[in-house]
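Below is one structure, written out as structure tokens; the observations come after it.
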Amino acid sequence: MTTTLMSGTPWRTRFAPSPTGAMHLGNARTAILNWLIARQSQGTFCVRLEDTDQERSSFASEASILSALDWMGLTPQEPVRRQSTRLERYKDTALKLWEKGLAYPCFCTEADLQQDRKTAAAKGMPPRYSRRCAALQPEEVREKINAGIPFTLRFKVADAPEGIHFRDLLKGDMDIPTQAFGDFVILRSNGWPSYNLAVVVDDLDMHINLVVRGEDHLTNTARQILLYRALDATPPYFAHHGLLVDQEHKKLSKRAGAKSLPQLMAAGIHPLALVHYLAGLSGAIKGKGIVYSMDDLVQRFNPMRLGRGNAVFLDEDLENINHTYWHKLPAHDLLPHIQGLESLGRPWQDMPDKHKENLIAIVQQNATGAHSFTSLLATLLTDEVTYSLEAVRVLTRPKNQKVIQVLCQILAANTADRNQPLPLQEIDALLTQTGTMAGVKGKDLYFPLRMALMGSSEGPEIKGLFHVLPLSNVLSRLEKAREFAPD
RNA sequence: GUCCCCAUCGUCUAGCUCGGUCCAGGACACCAGAUUUUCAUUCUGGGUACAGGGGUUCAAAUCCCCUUGGGGACGCCA
């Protein structure tokens, strides 16, 4: 039987970012796909930090990437690995390849190579390594080494068969000619491994059986397959997904305004919305509506439907799906992600979670993101209503004052505990009664009440307000609104 | 420059493997109506796509070729 992403193999996948900056959307999507495929197949999702570039790697980036993964709910199922702790292992492997005659030392300097590339470009040739040092005689090599000239180890590509064939689990049969690249470096002159070597050694040692990454790695895959062969090892399966592009179908870039994960978090995106959108961009999420948890997402994920081409990322679409999530997720799942709550002060902080969730549930349909809550909640927590110009206009009309006055009378006669909100079942009757007595209905009834209670034309459902505001608070708001009455 | 990948509504895509059931289906977005005694929510309806050109065939979104467009790779970066 042909192996597919869904043929039952528990996939051991990995997400292997280099900690050289904040996590970007493309990275995030790769991470999500790896996580999803592992989870869906009852496999394992691993994370590995590829920090072999000493100049560009930073601890801050590591922390940022790891926290972004955590935020998205993509928890690694094994301890995070770090390549910089395994330098000896890579070096040994490179040396072994040299001994076997599959690699050779290269003494070319940075300047030499740059010159070569320039010359090649001028001739319209691909900028590949000239293989100058492959021609060195053993004595020459020994001399140079004894003279202390620094060298790298290059893998002998030309010795490989014509093309490299592999079956990509997403793209199908793939043939990459070895002419696509020159003899590549596996060990740098400072003793650190190159990307391709480190990846192969680690994927082997970690028993990764499926590599999911962007199609920009297609030629790296060919190089890595060569390394697997040189090490007498079986390569894992590969699945290359398309890249994320912007509206103009250009690669997503910071310059073009693409946001990083920390920026998206700060912008008030709910993690489930982001994960759903990014996973859905490949067409692999079945059904409509939001997902309520990562497990839910796994249920609806079908890796066989992963698209083959590039995917267009639209801020607008993310915004839309984000709104939907803030509207529909239970308040319980919203609370941990709401930002700026501390500015609400004591009354909020002292409140039990259950009560907080009730308030959130009332305002969430008007929320647009993680920090749209504070202002909405603030209007519920205070007695001080801020009236908009529109509110003032509405409240100064006698007809509208009548409505408020009537409601005040009705509430004043109510014997319920003033420190509690009114019971749900009473609210309907109460509003109907107000309407009847004031001789209004529909918008004429609700609009003045909305303005009086919230000071603005937008806000939670009126009935909901009565359900969360203590009766005393409702009364004081109404009293205040009555001050707009014309003399 | 050389090589590789991709090409269906605005977006993500179904269909392409085994050509007819596709004057191309769905979702999101958009527009219009309806419901909810308010905004929101919800419901119903609507418009919009097979990149272009050649073949093959009784028949092509589906197979072949070319063109165009887009993306990627070619580092002592990953």
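Chain naming here is simple, since letters A, B, ... match the order of the sequence lines and numbering starts at 1 in each. Note: hydrogens, waters and symmetry copies are ignored here, and every other heavy atom, side chains too, is used.
Remark: B/rG75 base-pairs with no nucleotide; criterion is Watson-Crick or G-U wobble with both hydrogen-bond distances under 3.5 Å. Nucleotide B/rC30 is matched to B/rG46 when pairs are restricted to Watson-Crick or G-U wobble geometry with both distances under 3.5 angstrom. Here B/rA7 sits opposite B/rU68 as a Watson-Crick or G-U wobble pair (both hydrogen-bonding atom distances under 3.5 Å).
Checked by distance alone, A/Ser189 brings a side-chain donor or acceptor within 3.5 Å of a matching partner on the base of B/rC76. Looking at A/Asn220, its side chain has no donor and acceptor atom pair within 3.5 Å of the base of B/rA73.
Distances were taken from every side-chain heavy atom of A/Val312 (C-beta onward) to each of B/rA73, B/rC6, B/rU11; the shortest belongs to B/rU11. Here B/rA78 is the nucleotide among B/rA78, B/rG72, B/rU38 with the atom lying nearest to any side-chain atom of A/Asp53. Which of B/rG72, B/rC74, B/rC77 sits closest to the side chain of A/Arg56 comes down to B/rC77. Nearest nucleotide to the A/Tyr195 side chain, out of B/rG71, B/rC4, B/rA78: B/rA78. Considering only the side chain of A/Lys250, B/rG70 comes nearest among B/rU38, B/rG70, B/rA78. With distances taken from any side-chain atom of A/Arg128 to the nucleotides B/rU2, B/rA29, B/rC77, the minimum falls on B/rU2. The A/Lys328 side chain lies nearest to B/rU41 when the options are B/rC12, B/rU41, B/rC4. When distances are taken from the side chain of A/Ser194 to each of B/rA78, B/rC4, B/rU11, the shortest belongs to B/rA78. In the set B/rC6, B/rC76, B/rC12, the nucleotide with an atom closest to the side chain of A/Lys171 is B/rC6. Comparing B/rC4, B/rC76, B/rA29 against the side chain of A/Leu113 picks out B/rC76 as the nearest.
With P as the reference atom, B/rG33 and B/rC50 are 29 Å apart, rounded to whole Å. The gap from the C1' atom of B/rC74 to that of B/rC31 amounts to 48 Å, rounded to the nearest Å. Between B/rA14 and B/rC77, the distance separating the two C1' atoms is 39 Å to the nearest Å. Comparing B/rG26 with B/rC63, their C1' atoms sit 27 Å apart, to the nearest whole Å. Distance check on atom P: B/rU62 versus B/rC23 gives 14 Å, rounded to whole Å. The C1' atoms of B/rU11 and B/rG47 are separated by 16 Å, rounded to the nearest whole Å. Straight-line distance between the P atoms of B/rG10 and B/rU48: roughly 11 Å, to the nearest whole Å. The gap from the P atom of B/rG71 to that of B/rA24 amounts to 31 Å, rounded to the nearest Å.
Within the nucleic acid shown, A/His240 has no heavy atom closer than 4.0 Å to any nucleic acid atom. Residue contacts shown for A/Glu55 are absent, as no nucleic acid heavy atom lies under 4.0 Å away. Using a 4.0 Å heavy-atom cutoff across all strands shown, A/Gly280 reaches sugar-phosphate atoms only and no base atom. As judged by a 4.0 angstrom heavy-atom cut-off over every strand, A/Cys106 is placed among residues making no nucleic acid contact.
Regarding contacts with the backbone of B/rA78, a side-chain N or O of A/Thr52 is found under 4.0 angstrom from either OP1 or OP2.
Distance check, rounded to the nearest 0.5 Å: CG of A/Leu25 to CG of A/Leu318 gives 7.5 Å. The distance from atom CD1 of A/Ile149 to atom NZ of A/Lys144, rounded to the nearest 0.5 Å, is 4.5 Å.
Between the CZ atom of A/Arg117 and the P atom of B/rA73 there is a distance of 15 Å, rounded to whole Å. Going from atom NE2 of A/His241 over to atom C1' of B/rC4 covers 16 Å, rounded to whole Å. Regarding A/Tyr277, its OH atom lies at a distance of 14 Å from the P atom of B/rC28, rounded to whole Å. Here B/rC4 presents its C1' atom at 14 Å from CD1 of A/Ile225, a figure rounded to the nearest Å. We find that CG of A/Asn310 is positioned 14 Å from C1' of B/rU11, with the value rounded to whole Å. Between A/Leu376 atom CG and B/rA40 atom C1' there is a gap of 12 Å when expressed in whole angstrom units. Taking atom CD on A/Gln364 and atom P on B/rU41, their separation rounds to 13 Å, with Å as the unit. Between A/His327 atom NE2 and B/rA40 atom P there is a gap of 10 Å when expressed in whole angstrom units.
The aromatic rings of A/His276 and A/Tyr325 lie perpendicular to each other, with more than 60° between the two planes, well past the 30° mark. In this pair, A/Phe184 and A/Phe181 present their aromatic rings perpendicular. The plane angle is above 60°, beyond the 30 to 60° band. Ring planes of A/Phe238 and A/Phe166: perpendicular class, angle over 60° (limits at 30 and 60°).
Projected onto RNA chain B by closest heavy-atom contact, A/Tyr446 and A/Val245 fall at different nucleotides, the more 5' of which corresponds to A/Tyr446. In terms of position on RNA chain B, the residue among A/Ile321 and A/Phe181 whose nearest nucleotide sits closer to the 5' end is A/Ile321.
Checked for salt-bridge contact, A/Lys251 and A/Asp216 miss the test: no charged N lies under 4.0 Å from a carboxylate O. Contact check on A/Arg14 versus A/Asp202 returns no salt bridge, with no Lys/Arg side-chain nitrogen under 4.0 Å from an Asp/Glu carboxylate oxygen.
Between the side chain of A/Asn27 and the main chain of A/Met23, no donor-acceptor pair closer than 3.5 Å is present.
A distance cut-off of 5.5 Å between ring centres, combined with a plane angle under 30°, leaves A/Phe447 outside any stacking arrangement with the base of B/rU38.
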